[in-house]
Undergrad: 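Below you will find the structure I want to go over with you.
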Number of protein chains: 2
Amino acid sequence: MHTYKYPRPSVTVDIVVYGYDGGKQLKMLLIERGGEPFKGHWALPGGFVDLNEDLETAALRELEEETGVKDLFVEQLFTYGAVQRDPRGRVISIAYFSLVNLQDHPAKASSDATKAEWFLLDELPDLAFDHSEIIKKANERLAAKVRYQPIGFELLPAEFTLGELQQLYETVLNVESFNKRNFRTRILRTGILEEVGRQQNVAHRPAVLYKFNQEAYQQLAEQRDGGVLRRALDFEI
Amino acid sequence: MHTYKYPRPSVTVDIVVYGYDGGKQLKMLLIERGGEPFKGHWALPGGFVDLNEDLETAALRELEEETGVKDLFVEQLFTYGAVQRDPRGRVISIAYFSLVNLQDHPAKASSDATKAEWFLLDELPDLAFDHSEIIKKANERLAAKVRYQPIGFELLPAEFTLGELQQLYETVLNVESFNKRNFRTRILRTGILEEVGRQQNVAHRPAVLYKFNQEAYQQLAEQRDGGVLRRALDFEI
DNA sequence: CTACCTTTGTTTAAATTTTAAACTAACCAT
DNA sequence: ATGGTTAGTTTAAAATTTAAACAAAGGTAG
C-alpha cells in the first residue's frame with residue numbers, strides 16, 4: 001500500500017498505431033479488453049505507467065505486452081485528463097502515436113488483452129473510454145504531419161517505386177489521385193530519394209526502385225518549418 | 001492521508017505565457033519560487049492538479065494564483081514525465097502555452113510565488129526543473145504555429161495597422177523585415193482583416209486601421225492544414 | 001503658404017513557378 | 001510482331017510571385 005498526503009491521479013499511456021500494407025486504406029491496432037471496466041470492448045493498447053519508467057518507455061512496454069508489436073518510433077500526441085474520463089476514478093492518460101509497416105508488425109494478443117487486431121480505419125468498432133476522441137486527434141495530427149514532414153520511412157518496405165510512394169500519400173491524405181508527373185518531379189527535387197535499381201518481372205515498363213536517403217530524410221523531418229517538403233506537396237491537397 | 005494499492009505519480013501543470021507590447025521582442029512570464037525545491041529560482045508558473053478539476057482549469061487557476069494573469073486562451077504543449085525531472089519524486093507535468101497582449105495582462109505576484117515578472121525572451125534567467133526544455137519546445141511550437149494559423153488576435157490591441165501586424169510577424173519569426181508590399185497583398189487577400197478607420201495625428205500619411213474579422217480568423221485558425229495562410233506567409237520566412 | 005520629410009499604399013512588368021498535354025520508353029502476354 | 005499497360009520526359013501555356021517605380025497623405029520647419 002502507498003500513502004500520500006494529498007490525493008493523486010492514476011497515470012496511463014495509450015498508443016495509436018497506424019499500419020500500412022500498400023493498400024488504399026490505413027489500419028489501426030486495437031485490443032479487446034480482458035478486464036473491467038469496458039471488459040470485452042475494443043480499445044487502444046495502453047496501461048498504467050510504472051514509477052520508475054519514462055512515459056515513452058511505458059508506452060512501448062504496454063504496446064508490446066498487449067499486442068506483441070515492438071521496434072517502432074512513437075511520438076507524443078496529447079494528454080487526456082477530463083475528470084470523468086475513466087469510471088475507476090481520476091485517470092490522466094498520455095496518448096502516443098506511431099506509424100508502422102504492417103508486414104513487419106503482426107498483431108498477437110497477450111496478457112491483459114484477450115485479442116489484438118488491425119482494423120481498417122473506416123471500420124473501427126465502438127471504443128472504450130474516450131478513445132474515439134483520441135483517435136480523432138491522431139487522425140488530425142497525421143494529416144497535419146504529412147504536410148511538414150516526410151512520411152514513408154516507417155510505412156513502406158525498404159525499396160519502393162514512386163507509384164507506391166504516391167499511393168501512400170493518397171491513402172494518408174485520403175485524396176483520389178494527384179498528378180503523377182508533378183508528384184514525381186517535386187518529390188525527386190527534395191532529394192530524399194535514392195535510386196537503387198529497377199523492378200523485375202512486371203508486365204509493363206519496370207519502375208525505378210528507390211530507398212530513402214537517411215540523411216536528407218532526417219534533415220527534412222527535423223526542420224520543423226518543413227519548407228521544401230511543404231512546397232513539394234502543396235498541390236492537389 | 002490517501003492510500004492506494006499501487007504507487008502513483010504527482011501531476012502538475014506548467015504554463016508558458018508569451019506577451020507582446022508592440023516591440024521587437026516577445027516577453028515571457030516567470031515566477032520566483034517561494035518554496036523548496038529550487039526556492040528563490042525563477043520558474044514557469046504552475047502547480048499541482050486538483051483531482052476534481054480538468055487539466056486546463058488547473059493551468060488557468062495556478063497561473064492566476066501565482067501571477068494574477070487571467071482571461072486567456074491556453075493550448076496544450078507537451079507532457080514531461082522523465083523519472084528524475086523533479087527532486088521531490090515522480091512528477092509528471094502537462095505544459096500549456098499561451099499568447100497575450102502585455103497591456104491587458106500585468107504581472108503581480110501572489111501566494112506560492114514571491115515575484116512574477118515579464119522577461120525579454122533573450123534575457124531569461126536560469127530556470128528550475130526542466131523548464132528550459134519546456135520553453136525550447138514552446139518556442140518551436142510558436143514558430144510552427146505561425147505558419148499555419150493566424151496570430152495577432154491575442155497579441156495586438158483591438159485596432160492596428162498593417163505595419164504593426166507586420167512588426168509582430170517579424171518579431172515572432174525573428175526575421176529582419178520582409179517585403180512590405182507583398183505582406184500587404186497577401187494578408188489582405190486572406191480576408192481576416194476589416195478596415196475600421198484611419199490613424200490620427202501621425203507625422204506621415206495615416207495608415208488604415210484594421211481589426212480582425214472574427215469569423216474569417218476563426219475559420220483560418222481551425223482549418224488545420226492552414227492552406228491559405230501558409231501560402232500568404234510563405235515568402236521571406 | 002510652400003517645400004520637404006516620412007510612411008502608406010498602388011500599379012505593373014519581368015522573372016519564376018506551376019500545370020498538364022503530348023509524347024516516348026520498357027516490359028510482358030498473346 | 002502487336003497490343004496492353006505502366007513508367008518516365010519534354011515543353012509550352014497559364015498562373016503566380018517579386019520587387020521596381022511611382023503616387024498619396026499627412027505633419028513640420030521656415
Side-chain angles (χ1 to χ4, degrees), chain A residues 22-24 147 152 156-157 159-171 173 175-211 226-237, chain B residues 22-24 147 152 156-157 159-171 173 175-211 226-237:
Chain A
K24 293 208 186 306
R147 315 192 110 262
L156 291 173
E159 302 187 351
F160 51 88
T161 68
L162 276 176
E164 288 165 347
L165 184 61
Q166 177 168 346
Q167 173 67 252
L168 168 61
Y169 268 93
E170 288 169 2
T171 297
L173 289 164
V175 224
E176 260 314 293
S177 103
F178 37 67
N179 195 299
K180 183 181 295 198
R181 303 173 287 242
N182 298 337
F183 184 80
R184 160 181 307 281
T185 48
R186 286 155 196 263
I187 284 289
L188 287 180
R189 95 170 154 231
T190 64
I192 58 174
L193 298 186
E194 244 175 86
E195 288 195 26
V196 288
R198 293 211 148 236
Q199 275 182 324
Q200 303 284 330
N201 299 320
V202 284
H204 54 73
R205 175 173 177 172
V208 170
L209 290 171
Y210 293 92
K211 66 169 183 175
V228 181
L229 193 83
R230 216 180 40 253
R231 256 162 255 142
L233 294 170
D234 242 359
F235 62 108
E236 312 246 5
I237 299 191
Chain B
K24 293 208 189 301
R147 316 192 111 262
L156 291 173
E159 302 188 350
F160 51 88
T161 67
L162 276 175
E164 288 166 348
L165 184 61
Q166 178 169 344
Q167 172 66 254
L168 168 62
Y169 269 93
E170 288 168 4
T171 297
L173 289 165
V175 237
E176 261 314 291
S177 101
F178 39 65
N179 195 299
K180 183 181 294 198
R181 303 173 286 243
N182 298 338
F183 184 80
R184 162 181 305 281
T185 47
R186 286 154 196 264
I187 285 288
L188 288 180
R189 95 169 152 230
T190 63
I192 59 174
L193 298 186
E194 245 175 86
E195 287 194 27
V196 289
R198 294 212 147 237
Q199 274 183 325
Q200 302 283 329
N201 299 323
V202 283
H204 52 74
R205 173 174 180 172
V208 170
L209 291 170
Y210 293 91
K211 66 169 182 175
V228 181
L229 194 82
R230 214 180 42 253
R231 256 161 255 143
L233 293 169
D234 242 356
F235 62 109
E236 314 246 6
I237 299 192

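No experiment lies behind these values; they were computed from the predicted model shown. Labels below follow one simple rule: chain letters A, B, ... track the order of the sequence lines, proteins then strands, and each chain is numbered from 1.
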Undergrad: Output all residues satisfying side-chain contact (heavy atoms from CB on, under 4.5 Å) with A:Arg181, sequence neighbours left out; order by chain, then residue number.
TA: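 Here the qualifying residues are A:Asn179.
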Undergrad: Going by heavy atoms in the side chains, are B:Glu195 and B:Leu209 under 4.5 Å from each other?
TA: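 Not in contact.
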Undergrad: In whole angstrom, give the distance that lies between atom CD of A:Gln166 and atom P of D:dT6.
TA: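 Those two atoms, CD and P, are 13 Å apart.
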Undergrad: What's the spacing between A:Tyr210 OH and A:Leu162 CG if we round to 0.5 Å?
TA: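 If I round to the nearest 0.5 Å, the distance is 4.5 Å.
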Undergrad: Just how far, in rounded Å, is P of D:dA7 from CD of A:Gln200?
TA: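 Nearest whole value for this atom pair: 15 Å.
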Undergrad: Between C1' on D:dT6 and CZ on A:Arg184, what's the gap in Å once rounded to a whole number?
TA: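 It works out to 11 Å between those atoms.
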Undergrad: Polar pairs (N or O, both sides) under 3.5 Å between protein and nucleotides 26-29 of chain D?
TA:
from	atom 1	to	atom 2	distance (Å)
D:dG26	N2	B:Ala203	O	3.2

Undergrad: Could you work out which one of D:dT17, D:dA7, C:dG9 sits closest to the side chain of B:Arg186?
TA: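 Among D:dT17, D:dA7, C:dG9, the one nearest the side chain of B:Arg186 is D:dT17.
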Undergrad: Holding to side chain to side chain donor-acceptor pair (under 3.5 Å), I want the full list of residues that pass it with B:Glu194, two or more places apart in sequence or in another chain.
TA: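 Once residues adjacent in sequence are excluded, the partners of B:Glu194 under the side chain to side chain donor-acceptor pair (under 3.5 Å) criterion are B:Asn213.
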Undergrad: Not counting sequence neighbours, which residues clear side chain to side chain donor-acceptor pair (under 3.5 Å) with B:Glu159? List them please.
TA: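 Partners of B:Glu159 by the side chain to side chain donor-acceptor pair (under 3.5 Å) criterion come out as none, since no residue qualifies.
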Undergrad: For B:Asn182 and D:dA20, give me the distance from atom CG to atom P, rounded to whole Å.
TA: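 The answer, rounded to whole Å, is 11 Å.
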Undergrad: Show me the protein contacts with nucleotides 11-17 of chain C, counting only N or O atoms at under 3.5 Å.
TA:
none

Undergrad: Mind calculating the distance between CG (A:Leu165) and P (D:dG8) to the nearest angstrom?
TA: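 Atom CG in A:Leu165 sits about 12 Å away from atom P in D:dG8.
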Undergrad: Counting C-beta onward and ignoring hydrogens, is there a side-chain heavy-atom pair between B:Phe160 and B:Leu193 closer than 4.5 Å?
TA: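 Sidechains of B:Leu193 and B:Phe160: in contact.
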Undergrad: Taking side chain to side chain donor-acceptor pair (under 3.5 Å) as the definition, give me every residue that meets it alongside A:Gln167, ordered by chain and number, with sequence neighbours left out.
TA: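 Side chain to side chain donor-acceptor pair (under 3.5 Å) list for A:Gln167, sorted by chain: A:Thr171.
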Undergrad: What is the separation between atom CD1 on B:Ile187 and atom P on C:dT8, rounded to the nearest whole Å?
TA: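 From B:Ile187 CD1 to C:dT8 P: 15 Å.
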Undergrad: Using whole Å, report how far CD of A:Gln167 lies from C1' of D:dT6.
TA: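 It is 14 Å, rounded to the nearest whole Å.
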Undergrad: Locate the shortest heavy-atom distance separating A:Ile187 from A:Thr190; write the atom from each residue and the value.
TA: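 Taking A:Ile187 first and A:Thr190 second, the nearest heavy atoms are O-OG1, 2.6 Å.
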Undergrad: May I ask you to verify if any side-chain N or O of B:Lys180 is less than 4.0 angstrom from the OP1 or OP2 atom of C:dT8?
TA: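 Affirmative; the distance criterion is met.
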Undergrad: Between P on D:dT6 and CD on A:Gln199, what's the gap in Å once rounded to a whole number?
TA: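 The answer, rounded to whole Å, is 11 Å.
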Undergrad: Does any N or O in the side chain of A:Arg198 come within less than 3.5 Å of the main-chain N or O of A:Ala207, such that one atom is a donor and the other an acceptor?
TA: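 Side chain of A:Arg198 to backbone of A:Ala207: no pair is present.
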